[in-house]
Every structure is written in C-alpha cells, then in structure tokens.
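Positions are given from 1 along the sequence.
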Amino acid sequence: MRIVDKILPIDSELPVDYADRIGLSYSVFVTQTHKKNKGQFLTPSTIARFMGKLAKSDKSHISILDPGCGTAILSCAIIENLANSNCHLKSINLDAYEIDNEILPFTTNVLNFLKEWLSDKGILFQFNLIQEDFILKNANVLKSEISLFSNTTALEYDFVISNPPYFKLNKEDKRAKASESITSGQPNIYSLFMAVSSKMLSQSGQLIFITPRSYASGSYFKSFREFFFNNVSINQIHLFDSRKDTFNRDNVLQETLILKATREKYIKPDSLVAITSTKGISDLSNPRLKTYPQSQILNLKSKEKILHIPINDEEEEIIDLFRGWNGSLNKYNIQISTGPVVAFRATEYIREIYENGSVFLAPLIWLHNVYKMRIDWPIHRQKKGQYIQMCSGSQSLLLPNKNYILLRRFSAKDDKSRLIASPYFAKLQDAEFIGVENKVNYIYRPKGELERNEVIGLAAILNSKLFDNYFRIFNGNVNVSATELREMPLPSLEIIKQIGEQLILNNTDFSQEKIDDLITLTLLNKNELVI
C-alpha cells in the first residue's frame, strides 16, 4: 500500500484540512531539494481559506482553473467557500494542472474526497487533472492575435486561483521563449502563470494569486505589468508584514502578496482597490484595511507602471509628497549606472594587494566597501581583491576618478534599510581611475562634476528613512534597480544642495538620526530649512 493511501479523511474533516494534512505528508515524503527544484511552496490552510473567501459568485454553474495545483488546497478552499456561500450553486468544473509525478497521487486523493464532500451537498463536481506544462500548453493566449487555424482554443474560466511555482527561467527555456513578448532578461515563472491566467478568465472572471511582490516594480517586469494590468482590474491586495510567516514550513524568507483582480473590458482608473495587511498568518482574520482609487495604486500612463501599495495613512502621505515633486536625476543632468566590473569576467585584472611598479593599479570598490555615508576601503576579503589593473584590456571597466555617489544594488533581507548610499570624492584616492564592481550602482554627472554639496545632499536623501519608506512601498525585493532610482521623484536641486551644505556645516555629522531630522525638517515643513 502506498503511503498516500494510508492517509484517510477523518470524520467531519473539511477538504482544506484534508489537503493540508496530505501536504504535510507529501513534504515528509520528498526532499527539500525536490521541492526547491520544482519551485514548490505549499500553501498553509489559513492562507488558502483567506484566498478562497475572496471569491464571490451567485452562478449556478462555475468553472475554476488551478494552474499549478500541488495538493489542490487552493481548489478546496475556493470551492468550500462557494459551496457554503452560494445557495444557487449546482455544479463545478475544475481544471487543475500538475506536472510533478511525485505529488499526483496525493492530489488525486484530495480531489476524490472533495467530490464526495460536494456530492453530500448535492453539488455535481467534475475535475480534470492535467499532467501537462501549463505555460507551454496555453502560451498562445499571450499573442495579440490567435490564428483561426490554431490547434488550441483557450478555455475561459469564472475563477483562476493559484500559488504558482517561483524560480527564474533561463532565457533559452521553452517557456521563456513562448512568453518573450511580455518578459525581459530571465523571467520568474510565477509572472508567466499570472499573465497566461489573466487571458483565460471569462469576462468579469476573478483571479486570485499569492506570489512574490517583486513584479510590482523593476524593468524586468515592466512589459509584464503593462500586459497584465491592461487585462485585469485590481480589486484587492493583501500584504504581510513578516517575510518569514507566509511559508514558514519551507523556511522561505520572501516578501509575498495576495492579489485579487477581475477581467474587465475597460479598466476604470477610479475603481476602488482594497489594501489589506496583517503581521502574518495568525491575524489574517482581522486585517487592517485601506481603500484607494486604482489610479493611485497604478498609473498605466506612466513610463515604468510601478505598483505603489500603501498600507496606512503615513505611507499614503509619503506617496502624495513624492508625487508633488517634479525633479529627477535626469532633470538635474545626473545619471545612474551599474558598476562595470563583473568579477568572474575580470579575474585577470583584479589584485589582492597593492603592487604598483611593473603594473599600475586602481582602487576597486565592492558592495562590502559601501556603507551609509562612508566608504570603507580597503577591506580585504577572500576573492574580493581591492585593486584592479590599469591596462588596455581593462580600460572599458574603469571609471574616471571623480565625485560619485555609490549605492548598493542589493540589500540583505534582514537589513534595516534597502537604500545604502555613500559619497565618494575624487580627492580620496591618488589615482586617475577607479573600479566599481557590478553589485554597486554609481551616480554621476556625465558632463562635468557633481559638487560636494550635491554629493552629500543626494547621498543623505537616499539614506533617509523617508526615502527608504517610499522605496519599500513599491519595491518588494532586495534589489535596488538603477531604473527605479532614475525614475524616482526628487525635490528641487536647490533643496538637495541646501541639505548637503547643512550637513557639511555640522562638522560632517552623518549619523542616521541627524540625517532623518534634517530631511524631516527640510522636506516635510514646506521646504523650510532649520539651521
């Protein structure tokens, strides 16, 4: 007898609870490596029920798609809710996709039990467990025009509910190639699930997904956001304060959100969006709630189409403050770029120790050299040489030694701040060139030099709690994208210079407290600088 056949339903057990118990057994049955390779993070029952209750319908016949069903706990959750809340319900048709052969026996047992449970309620239930790749089978829906001679016709569903797999695809992967019209770089497979699903909804059909928050911003997801949010209208977004709580069984440290959206023929910018939030799973039954017009969450006419998700009055005020500014790096003739030194491609030029003489070396600045308002260099670490050779072969990797602001491209997941920026002044190094490693962004004036007060002022602004809070409203990952910084609204250049001058006058007191006090007094008090 198989292990799964020993796990029988308990008297009066609900389908969600049975699916959850089955899922725990499956997690013991397979290795963590197996689950990681499949991008599997099984949904806890509390989250499944929260998602299921977002579904609303009074139809008598309902069709549901679960494109990556796992143990079908989300299918159970939405069906439990509809069966208990819709007195007109007579029949349900479920299409569930799953390609992991190890989990299929567990899924089948759950769906058979769900069918018995619905039968006792007088509801006809038919399910189709499809053992094919969901993206490859349905990617044709992403095309603007589907051929009349196409072999496949996309089904349309009343509901799509999913906790899709999370992992990056190689650009040569068939699924990435099939969806290249809405992706760039190495797409994360969860966004493809969302995009394809949005086109498989019937008119007014509802989509309910739990995913990483990373699609809310960033150039890699720009085409996806434009495609997806032109197909569906946001109804609700739920955020978790805790990164650890959502999938704690799998020890996942991930910023996730739950999205409910409806397929609309015309997207109405004034339609209301509910933003709910909780600390984690334990308080899901009592979420905090704010409501905003969709245009305040997402401006589809904007260049980057970034999703702003405020959860309280303070964050709403921060968004309003930033939208009131019309400055930007580009407007001030300032650019931001990514450090050109990719370490594994430049090993022949990187040196551990200083050895000018037969070769000529320039300082090489890595992420671990960049701290808030200071560069700590050299810091010798294994395989992170602090010098780079100056020669014809490395010329394209070197930057002129002039004034910059250096900004970490990545923050640790437990860092208190996402934005970590440091002034860099040319006079600190007696060198014609410097090297900047690829995990560091550098801010500079292409034609000319950043003035001292501009460097100090802009670095202080980026390090402030105010800017960090704004960045977190739309950025759901640890990456600090040059594209996002390029588009970030800024106060006037005169104000930036004033902030720099004030910090210089205060004997270079660059403490976090001093910076935050100064930014608050300057930017939140009608731009009046208190000296």
Going by an N to O cut-off under 4.0 Å, is there a salt bridge joining [X] and [Y]?
X	Y	answer
Glu13	Arg21	yes
Glu255	Arg418	yes
Arg175	Asp173	yes
Arg472	Asp468	yes
Lys56	Asp158	no

Which heavy atom of [X] sits nearest a heavy atom of [Y], and at what distance?
X	Y	answer
Leu259	Met194	CD2-CE, 4.0 Å
Gln294	Ser233	OE1-OG, 3.3 Å
Ala77	Ala48	CB-O, 3.1 Å
Thr183	Pro187	CG2-CB, 3.7 Å

- Among Thr276, Asp241, Asn312, Thr278, which one satisfies side chain to side chain donor-acceptor pair (under 3.5 Å) with Arg288? Asp241
- Query: Does the pair His368 and Glu437 meet the rule for a side chain to side chain contact (heavy atoms under 4.5 Å, CB included), with working shown?
  - Reply: CA-CA 10 Å; His368 73 271; Glu437 196 267 335; over 6 Å; no
Side chains of [X] and [Y]: donor-acceptor distance under 3.5 Å anywhere?
X	Y	value
Tyr292	His308	no
Asn441	Arg408	no
Asn231	Glu264	no
Glu484	Ser217	yes
Ser60	His88	no

- Ring-face cation of Lys121 near Trp117 (centre distance under 6.0 Å, axis angle within 45°):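 Yes, cation above the ring, under 6.0 Å and within 45°.
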- Sub-4.5 Å side-chain heavy-atom contact between Asn138 and Met200: yes
- Taking it one step at a time, do Asn93 and Ser63 satisfy side chain to side chain donor-acceptor pair (under 3.5 Å)? CA-CA 5 Å; Asn93 186 80; Ser63 60; over 6 Å; no
